[in-house]
Amino acid sequence: MGFNERVWQLTKRIPKGRVTTYRILAAKLRTKAYRAVGNALNKNPYSPRVPCHRIVRSDGGVGGFARGTRKKIEMLEKEGIKIKRNKIVSFEKILYKFN
DNA sequence: GCTTTGACTCTCG
DNA sequence: TCGAGAGCCAAAG
């Protein structure tokens with residue numbers, strides 16, 4: 001199993017209405033390649049099956065999205081997550097840390 | 001096969 | 001508050 005697949009595996013575990021960060025994902029993979037995590041999600045081939053929109057920046061910012069940041073925000077809000085000026089509201093409340 | 005780029009993050013000033 | 005620099009890894013050129 002390659003690096004990318006491990007990223008996608010973890011991403012699939014994020015519950016609806018929650019988010020996690022690139023940093024946490026990388027930590028779970030025992031690596032500091034935060035950028036590589038983003039790179040993997042960017043070209044995620046399992047689009048609907050892997051909720052890549054639930055990954056955000058460590059500072060609570062929305063980050064990027066293959067089909068536009070706007071789209072990402074829409075999807076998140078549809079799950080009950082509120083976003084203000086590209087920032088997650090109550091970020092720490094809904095942050096999923098894989099316990 | 002080396003260089004650049006990127007949905008990143010941390011530390012300094 | 002903000003930007004530059006460094007660190008890290010995978011993919012594309």
Side-chain angles (χ1 to χ4, degrees):
Chain A
M1 181 180 276
F3 180 84
N4 290 350
E5 293 177 0
R6 278 183 286 172
V7 172
W8 300 324
Q9 275 295 316
L10 284 175
T11 303
K12 280 195 301 187
R13 295 170 43 181
I14 305 172
K16 179 185 173 195
R18 307 290 298 279
V19 298
T20 194
T21 70
Y22 300 96
R23 177 157 71 84
I24 293 173
L25 239 41
K28 270 293 166 188
L29 297 177
R30 308 279 185 273
T31 180
K32 289 159 194 148
Y34 315 114
R35 312 185 67 194
V37 173
N39 203 340
L41 293 172
N42 178 37
K43 42 185 118 166
N44 145 42
Y46 305 89
S47 299
R49 293 194 286 146
V50 176
C52 42
H53 58 281
R54 294 184 190 143
I55 316 297
V56 297
R57 296 181 53 102
S58 65
D59 60 358
V62 173
F65 197 59
R67 292 160 54 229
T69 305
R70 294 292 308 277
K71 267 299 188 191
K72 184 169 182 175
I73 292 176
E74 285 178 25
M75 296 177 81
L76 290 173
E77 294 196 314
K78 192 175 295 186
E79 297 186 355
I81 299 172
K82 300 194 191 293
I83 296 168
K84 184 110 178 182
R85 286 179 313 222
N86 280 16
K87 292 277 188 180
I88 307 289
V89 178
S90 305
F91 175 55
E92 310 206 343
K93 310 272 185 191
I94 62 177
L95 183 57
Y96 185 64
K97 298 170 184 161
F98 295 94
N99 302 313

Given the rule in the side chain to side chain contact (heavy atoms under 4.5 Å, CB included) test, do A:M75 and A:R54 qualify, once you have shown the distances and angles that lead to the verdict?
CA-CA 9 Å; A:M75 296 177 81; A:R54 294 184 190 143; over 6 Å; no
Donor-acceptor check, side chain of [X] to backbone of [Y], threshold 3.5 angstrom: yes or no?
| X | Y | value |
| --- | --- | --- |
| A:K72 | A:V62 | yes |
| A:T11 | A:C52 | no |
| A:R6 | A:L29 | no |

If you round to the nearest 0.5 Å, how far is CD of A:Q9 from CG of A:L25?
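Reported to 0.5 Å precision, the distance equals 11.5 Å.
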Nearest 0.5 Å please: distance from the OG1 atom of A:T21 over to the CD1 atom of A:I88.
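Nearest 0.5 Å value for the OG1-CD1 distance: 11.0 Å.
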Could you state the atom-to-atom distance from [atom1] of [X] to [atom2] of [N] in whole Å?
| X | N | atom1 | atom2 | answer |
| --- | --- | --- | --- | --- |
| A:R57 | B:dG6 | CZ | P | 15 Å |
| A:L25 | B:dT9 | CG | C1' | 14 Å |
| A:F65 | B:dC8 | CZ | P | 13 Å |
| A:D59 | C:dC2 | CG | C1' | 13 Å |

Side-chain N,O (A:S58) to OP1/OP2 (B:dC10) below 4.0 Å:
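Result: yes.
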For B:dC8, does OP1 or OP2 lie under 4.0 Å from any side-chain N or O of A:R23?
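No.
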Could you encode protein contacts along nucleotides 8-13 of chain C as a string, one character per nucleotide from 5' to 3', using B for base contact, S for sugar-phosphate-only contact and - for no contact, with a heavy-atom cut-off of under 4.0 Å?
BBBS--
Residue of the set A:I55, A:V19, A:V50 for which side-chain contact (heavy atoms from CB on, under 4.5 Å) holds with A:I14:
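So, applying the side-chain contact (heavy atoms from CB on, under 4.5 Å) to A:I14 and each of A:I55, A:V19, A:V50, only A:I55 qualifies.
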Using a strict heavy-atom distance below 4.0 Å, which residues from residues 89-99 of chain A are in contact with DNA chain B?
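Contacts with DNA chain B under 4.0 Å: none.
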Is any side-chain heavy atom of A:L41 closer than 4.5 Å to a side-chain heavy atom of A:F65?
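Of all side-chain heavy-atom pairs linking A:F65 with A:L41, none is under 4.5 Å.
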